[in-house]
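Notes for the one structure printed next.
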Amino acid sequence: MAISTNIHINKVADLSEDIKEQFSLGVVRISEDRVRISVWLPDEEHCQLCLYKDGKIFKKMPMAAMKAIGIKDIFTITLAGEKLTEQLSQMEYDFRVGGEHCMDPYARLVRGREKFGKKYGDARGYAHGKIRGGFIFDDFDWTGEKWKHLDISDMIIYEANVRSFTKHSSSGVKHPGTFDGMREKIPYLKKLGVNTLFLLPIYEFDEWMRDEDGRELDKINCWGYGSAAFYFAPKSSYSSNTNAGEEFKELVKCLHQNGMNIILDFYFAGKEPAFILSCLRYYVLQYHIDGFHVNQECMDSALLQRDPVLSHAFLVGNSWNGAPSGEKRVLEMNDGFLVDARRFLKSDEGQTQNFYRRFQEQKSGVGIIHYIASHNGFTLRDMLSYDVKHNEPNGERGMDGTEYNYSWNCGFEGPTRRKAVLSVRQKQERNAFVMLFLGMAVPMIMAGDEFGRSQKGNNNAYCIDNATTWLDWRLLEKNKETFQFVKKLIRFRNQHPLYHQKRELSGVDTNGSGAPDISCHGREPWVADFSYYSRELGILFGGTYYAGKSLYFAFNFHWDSHEFYLPDISGIKEWSILFDTAESGMCEINDGRYHMAPRSIVVFEEKEKKAAEKRKRKRMPAK
């Protein structure tokens, strides 16, 4: 339609009436014919609204401070006109303050950043009005969404970056590197068995790193953790069309239709608590987001828990002192499990007790998330292929990235065709997945680890935007055994009642079954060995506490094979093998003993003896 010139400032007398309505900063639609725009500008006396049409300034309008109610640094303007929202949807806007253009920090849509990695030249990223706010008024149709929060005990989390997830040509999607591309991969995620998507920043962040003077460096920021961001606007370059917000809503709706949840990672730099609360509420109410991971140093996390909107969302932090009573909504995610599991996996001394504590880890009122690899560090495959980081492409002379990787290359640094080395790596990979998925905490897997992705030993690939960090989907066929093993573990976890019980483990025989709900063992049953040189561990989960079959985990992370004696809980039960990461088929259970291969995990499940043996036991006379 043709753009009308009949856009004007609403009568001043009506401004106070607008303020009486629910007030918020940014763009607010009052009706189809009236729109209010407000911005907070401390220490400023004047502000103009600039409207753009076809890339050029269409109108400049003075904005008035809210002096009538004693607020001198919030400037607001109410526009009026026939079918105003329809007209504004084809326009852009920014503010002119002190002779310079500035963006609305509450912009719901950002124009001019549709191409990922495009440079703009100034610290704020909107030089001379090249980047502007867009108007978004569309009423998205959420019909058929079926929005429902998962129970924490049911979660299987998948960490991903929107761009790198489908940017590689092998992804096979129509729009690589976008929200729409990720939506096309939802059937794959369902096939794998994950049900919660954890996304690195999806808001409009500045892709380019800057020096202390705000000048752009020749280094890209692929992850999105930085100070220059428009938090209310989904990232334009993550969209295949001009409306990133609508495309992101389509992704969320499709996830919910498939019974999945979505958690967003937000890094707020220099923002006030009021801004943070407003932003997160906006994503819950407008985008139906299920939860958030927020850098807790930016605000009192208790405010998040007590907020009337956010208290219904999942809140993920590095640590929680406690949570309010009622339904569990807060989750704790830190590197504790990563460190202890990796050190036990690579056979470090003195790790048996630490890992036993992590494997059964639970916390009253708080959900625990475990991961053994994440975006910040080695991929799982690289953790088993490199002893040291290889960050040369980052351009920081190897000074970036942690030195504490707790990795082991299994006998050779980097890629190799040596069968002996590859065999150990494959077994260690299976070990890592068992440790991750079959512990009591909520497991989180990094995208691509299920089919052996590598970053060539780079443990801080935040600035690498190429095939090194993009998921190569050809690996799915090459490493299909790994994918199938992960899929099998997830299916087992989803189906076994141990992982869905509401009670916390106590380590005490509270029901008189002859065994506690969880107990620790060594090579000998009921005798835990936490000595410094011990690398053997047994963990028993008693099935009578969760109305299922008992499970026994035997860990042998010594470089020699060892014989394990299996616990005898009652006289009518024996054990069957569910998983043996050695996959050697070298041994069967023999008179309650199992000969374990070096560096392997075996998971046993109780089974009742044959009916004839049970009848024989019943006929035996009492002594």
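No experiment lies behind these values; they were computed from the predicted model shown. Sequence positions, counted from 1, serve as the residue numbers for this chain.
Looking at D218 and W208, their side chains never bring a donor and an acceptor atom within 3.5 Å of each other. Side-chain contact check for Y203 and D265: no donor-acceptor pair (N or O, by modelled atom type) lies under 3.5 Å. Counted by atom type alone, H175 and E184 present zero donor-acceptor pairs between their side chains at under 3.5 Å.
Taking a cutoff of 4.0 Å between a charged side-chain nitrogen and a carboxylate oxygen, K607 and E574 qualify as a salt bridge. Checked for salt-bridge contact, K502 and D151 meet the test: a charged N lies under 4.0 Å from a carboxylate O. Using a cut-off of 4.0 Å between Lys/Arg side-chain N and Asp/Glu carboxylate O, R357 and D340 are scored as salt-bridged. Electrostatic pairing of K363 and E332 counts as a salt bridge here, judged by a charged N lying under 4.0 Å from a carboxylate O. With respect to D206 and R113, a salt bridge is recorded, a charged nitrogen being found less than 4.0 Å from a carboxylate O. Between E477 and K480, at least one side-chain N (NZ, or NE/NH1/NH2) sits under 4.0 Å from a carboxylate O, which counts as a salt bridge.
Here D141 pairs with T143 under the side-chain contact (heavy atoms from CB on, under 4.5 Å) rule; sequence neighbours left out. Listed by chain and number, the residues in a salt bridge (Lys or Arg N to Asp or Glu O under 4.0 Å) with E247 amount to none (sequence neighbours excluded).
A cation-pi arrangement is not found for R493 relative to F437, the charged atom failing to lie both closer than 6.0 Å to the ring centre and inside a 45° cone about the ring normal. Geometrically, K346 does not engage Y406 in a cation-pi contact, judged by NZ or CZ lying under 6.0 Å from the ring centre and within 45° of the ring axis. In this structure, R593 fails the cation-pi test against F564, since its NZ or CZ atom is not both closer than 6.0 Å to the six-membered ring centre and inside 45 degrees of the ring normal. For the pair K478 and F451, the cation does not sit on the ring face, since its NZ or CZ is not both under 6.0 Å from the ring centre and inside 45° of the axis.
The aromatic rings of H370 and F337 sit parallel, their planes meeting at an angle under 30°, below the 60° perpendicular limit.
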Enumerate, atom names and distances included, each donor-acceptor pair closer than 3.5 Å involving a side-chain atom of residues 552-559, sequence neighbours excluded.
unit_1: N556; atom_1: OD1; unit_2: H558; atom_2: N; d: 3.3
unit_1: N556; atom_1: ND2; unit_2: D560; atom_2: O; d: 3.1
unit_1: N556; atom_1: ND2; unit_2: A597; atom_2: O; d: 3.1
unit_1: H558; atom_1: ND1; unit_2: D560; atom_2: N; d: 3.0

